[in-house]
Undergrad: 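Please see the structure below; I have some questions.
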Amino acid sequence: MSSAMYERMRANPKFQQLISTRGRFAWILAITVLVIFYGFVMVVAFSPATLGQPVSEGSMVTVGFAFGLFMFVFFWILTAVYVRRANSEFDALTAEIVHEAWQEKK
Amino acid sequence: MMKRLLTAPALLALSALAYAGPAIEAAEKQATNWHAIIMFLLFVGMTMGITYWAASRTKSTADFYTAGGGITGFQNGLAIAGDYMSAATLLGLTAMTYSQGYDGYMYMIAFFVGWPIILFLMAERLRNLGKFTFADITSYRLDQGKVRTMAAISSLTVVCFYLIAQMVGAGQLIKLLFGLDYNVAIVAVGLLMMVYVTFGGMVATTWVQIIKACMLLAGGTLIMLLAFSQFDFSFTKLLERATAVHKLGPKLMHPGSFLADPVTAISLGLGLMFGTAGLPHILMRFFTVTDAKEARKSVLYASGFVGFFFNVIFLMGLCAILIVGQDPAFFEGGVVGGKIIGGGNMIAMHLAKAVGGDLLLGFLAAVAFATILAVVSGLALAGASAISHDLYARVIKKGQASESAEIRVSKIATIGLGLVAMCLGILFEKQNVAFMVGLAFGIAAAANFPVLILSMYWKGLTTRGALVGGYSGLVSAVLFVLFSKSVWVAVLGNPKALFPWDQPALFAMPIAFLMAWIFSKTDSSVKAKAEIEAFEDQYVRGQTGYGAATASNH
């Protein structure tokens with residue numbers, strides 16, 4: 001748990017690659033969720049009638065319900081996408097970085 | 001000048017629904033419900049067996065606080081979902097959909113969206129940096145004594161308000177569902193919680209939560225399917241008939257008054273989203289898994305269960321409009337459209353009875369009781385660990401406490417918290433406690449979350465900044481709620497609210513962030529410089545998990 005280990009990891013270009021790729025990926029997903037959700041909140045506050053319209057002529061289902069269901073499903077898919085990529089690609093890269101730092105120590 | 005609960009029932013219902021707190025109205029005692037009691041005793045028997053088993057595996061502090069880090073992602077996901085779905089979620093949100101239609105759905109969406117954000121921005125670093133409590137993270141490179149004391153104070157404040165709300169809700173609900181005396185119900189919940197937590201620690205608490213989450217998911221889904229089958233599983237048919245009879249008519253599926261004010265809407269959204277990310281008993285769940293991989297999976301499963309269940313609740317509420325709302329048997333005096341027997345929160349229970357008879361009603365009542373018990377246990381454990389791990393072991397003993405002494409202190413703390421919860425539960429029986437869950441979320445969002453996120457993301461945070469930011473968030477959240485309508489007017493009986501909004505997050509969170517920033521930036525002490533330099537190593541650990549607390553071997 002020494003500082004030297006952290007120092008070596010930080011110096012590894014793969015570490016920079018890990019944090020920039022994963023950071024960008026996580027922020028893109030987070031901003032997507034925030035923009036869609038707070039956009040929805042704004043529509044609720046300023047133009048509620050939009051959400052009350054039927055999705056198609058004569059349908060009982062309103063735009064608001066359809067969009068709500070879409071958010072549940074879409075946001076959950078985004079979490080699945082993140083978990084999938086983080087648990088394979090990013091974790092493999094992390095393991096490499098830690099491993100290489102150990103190698104250097106020897 | 002406390003206004004009685006009954007004098008402001010409408011307000012109580014409204015503000016209670018603003019958070020999925022225990023929106024339990026003062027209940028009249030019902031006839032003893034033996035189906036429910038027998039099923040609940042079965043649940044207690046099973047969980048006592050688990051506690052007995054867990055006690056034999058709870059030896060170290062790691063076992064006690066985090067189940068040795070040996071919970072799988074799937075199990076932990078169920079437990080998180082369990083922590084998140086309280087009895088009030090089931091009863092309050094079914095009732096909200098029943099009476100306000102689409103507004104209930106919007107509320108559930110707001111309650112759901114915090115999870116993806118927690119996953120993307122926090123889950124990994126939480127697991128990589130934390131050990132037992134979230135103060136392990138905030139104090140990682142800052143002054144242990146001061147920062148942990150602050151984290152413990154705000155954690156305990158959150159836990160106490162949440163506990164009072166749950167206990168009072170429990171007493172009212174149990175009186176209503178089981179026909180037991182209010183005080184008996186409070187004491188039963190308190191004693192059972194003490195047994196689970198002191199003997200079984202996190203292992204027992206997690207399994208109680210998992211079993212309850214399964215019962216809740218299974219029971220809710222069964223009721224929804226039975227009810228929905230009456231409409232041939234046709235959503236269109238259900239909506240056609242529901243809008244035809246509901247007082248809102250075609251407006252049933254339109255946004256109503258709930259989020260009409262943009263300030264309230266955004267503030268509520270922020271409070272739910274970041275309050276969730278600052279609740280000590282939820283944060284603690286990130287330390288019960290092996291590594292960051294399992295922590296991410298936990299969130300995936302938890303948000304899947306929560307999202308699924310919210311949609312089940314929405315369908316239950318819509319079906320109840322026809323099945324309960326059109327049946328005179330569920331109205332006082334048999335008048336459709338009058339007062340629902342037992343009050344608005346009984347909608348889900350009446351629906352269970354209508355589609356599955358006394359047996360299903362008994363099952364759902366038992367689930368509701370189990371839910372309260374499980375949530376209370378999780379809260380007590382989080383509060384006890386703030387006392388024993390943060391205050392006793394790290395602040396008072398400066399890290400020199402033995403494991404056995406630390407565990408002993410946390411067990412004493414659990415019993416203490418249990419007794420406090422029982423006393424406060426009895427004391428607050430007749431009070432409007434709806435604001436307390438809102439306050440708990442507000443404090444979590446304004447005091448815990450800003451310091452936590454800054455400590456993980458911002459290099460420049462110093463002890464001084466963290467302390468001023470955290471305490472000002474805590475104080476401003478408490479004051480905003482105190483001066484809002486739900487306390488200043490409804491509880492204290494003043495004519496006019498001093499602060500016009502019920503949701504503090506939009507205002508208290510910026511104060512906390514701003515204070516933390518200003519007081520860190522202007523901190524030019526030698527210590528501050530060392531703290532800023534220490535960020536680099538913390539950052540690598542947060543990103544890679546190297547050096548993170550690992551699962552104990554068993």
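In the text below, chain A, chain B and the rest are named by the order of the sequence lines, each starting its count at 1. A quick note: this is a predicted structure, and the numbers were derived from the prediction, not measured.
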Undergrad: Please check: side-chain N/O of A:Trp76 versus main-chain N/O of B:Leu300, any donor-acceptor pairing under 3.5 Å?
TA: yes

Undergrad: So which part of A:Thr94 gets closer than 4.5 Å to some heavy atom of chain B, the side chain, the backbone, both or neither?
TA: side chain

Undergrad: Rounded to the nearest 0.5 Å, how far does CE of A:Met5 lie from CG of B:Asp537?
TA: 11.5 Å

Undergrad: Do B:Met106 and A:Phe40 have side chains that get closer than 4.5 Å, going by heavy atoms?
TA: yes

Undergrad: Among A:Val44, A:Ile36, A:Leu18, which residue has the highest count of heavy-atom pairs closer than 4.5 Å to chain B?
TA: A:Val44

Undergrad: List the atom of A:Met71, the atom of B:Phe112, and the distance in Å for their closest heavy-atom pair.
TA: O-CE2, 4.4 Å

Undergrad: What part of A:Asp91 gets within 4.5 angstrom of chain B, counting heavy atoms only: side chain, backbone, both, or neither?
TA: side chain

Undergrad: Could you tell me the separation between the CD1 atom of A:Ile31 and the CG atom of B:Leu121, rounded to the nearest 0.5 Å?
TA: 8.5 Å

Undergrad: With a 4.5 angstrom heavy-atom cut-off, is it the side chain or the backbone of A:Val98 that approaches chain B, or both, or neither?
TA: side chain

Undergrad: Check whether B:Ile117 gets within reach of chain A through its side chain, its backbone, both or neither, counting any heavy atom under 4.5 Å.
TA: side chain

Undergrad: So which of A:Phe25, A:Phe46, A:Phe75, A:Trp27 has the largest heavy-atom pair count under 4.5 angstrom toward chain B?
TA: A:Trp27

Undergrad: Which one, B:Met108, B:Glu294, B:Glu124, B:Lys297, leads in non-hydrogen pairs under 4.5 Å with chain A?
TA: B:Glu124

Undergrad: Are the side chains of A:Phe65 and B:Leu239 in contact, using a 4.5 Å heavy-atom criterion?
TA: no

Undergrad: Which heavy atom of A:Thr62 sits nearest to which heavy atom of B:Met253, and what is that distance?
TA: OG1-O, 3.2 Å

Undergrad: Hey, which of B:Phe314, B:Phe310, B:Tyr102 has the most heavy atom pairs under 4.5 Å with chain A?
TA: B:Tyr102

Undergrad: Among A:Leu29, A:Ile97, A:Leu51, which residue has the highest count of heavy-atom pairs closer than 4.5 Å to chain B?
TA: A:Leu29

Undergrad: Go through B:His254, B:Lys251, B:Arg296 and name the one with the most non-hydrogen pairs under 4.5 angstrom from chain A.
TA: B:Arg296

Undergrad: Could you state the interatomic distance from CD (A:Glu7) to CD (B:Glu536), rounded to the nearest 0.5 Å?
TA: 8.5 Å

Undergrad: Pick whichever of A:Val63, A:Leu69, A:Val61, A:Leu34 has the most heavy-atom pairs under 4.5 Å with chain B.
TA: A:Leu69

Undergrad: Could you look at A:Leu93 and say if it's the side chain, the backbone, both or neither that has a heavy atom under 4.5 Å from chain B?
TA: neither

Undergrad: If you count heavy-atom pairs within less than 4.5 Å of chain A, which of B:Thr264, B:Leu270, B:Val299, B:Asp291 leads?
TA: B:Leu270

Undergrad: What part of B:Leu238 gets within 4.5 angstrom of chain A, counting heavy atoms only: side chain, backbone, both, or neither?
TA: neither

Undergrad: Counting heavy-atom pairs under 4.5 Å to chain A, which of B:Ile266, B:Thr236, B:Val113 comes out on top?
TA: B:Val113

Undergrad: What part of A:Phe37 gets closer than 4.5 Å to chain B, counting heavy atoms only: side chain, backbone, both or neither?
TA: side chain

Undergrad: Looking at A:Ala30, A:Ala80, A:Ala49, which has the largest count of heavy-atom pairs under 4.5 Å with chain B?
TA: A:Ala30

Undergrad: Report the C-alpha distance between B:Leu119 and A:Tyr82 in whole Å, list the side-chain angles of each, state the deciding distance to 0.1 Å, and finish with yes or no for side chain to side chain contact (heavy atoms under 4.5 Å, CB included).
TA: CA-CA 8 Å; B:Leu119 172 68; A:Tyr82 180 80; 3.8 Å; yes

Undergrad: For the pair B:Tyr105 and A:Phe72, evaluate ring-ring contact (aromatic ring centres under 6.0 Å, His included) and give the outcome as yes or no after the intermediate values.
TA: CA-CA 11 Å; B:Tyr105 202 56; A:Phe72 273 116; 5.6 Å; yes

Undergrad: Given the rule in the side chain to side chain contact (heavy atoms under 4.5 Å, CB included) test, do B:Gln543 and A:Arg22 qualify, once you have shown the distances and angles that lead to the verdict?
TA: CA-CA 10 Å; B:Gln543 292 284 357; A:Arg22 187 169 61 191; 2.5 Å; yes

Undergrad: Please flag which part of B:Ala123 lies under 4.5 Å from any non-hydrogen atom of chain A: side chain, backbone, both or neither.
TA: neither

Undergrad: Pick whichever of A:Pro48, A:Ala95, A:Ser59, A:Gly23 has the most heavy-atom pairs under 4.5 Å with chain B.
TA: A:Pro48

Undergrad: What part of B:Phe308 lies closer than 4.5 angstrom to a heavy atom of chain A: side chain, backbone, both or neither?
TA: neither

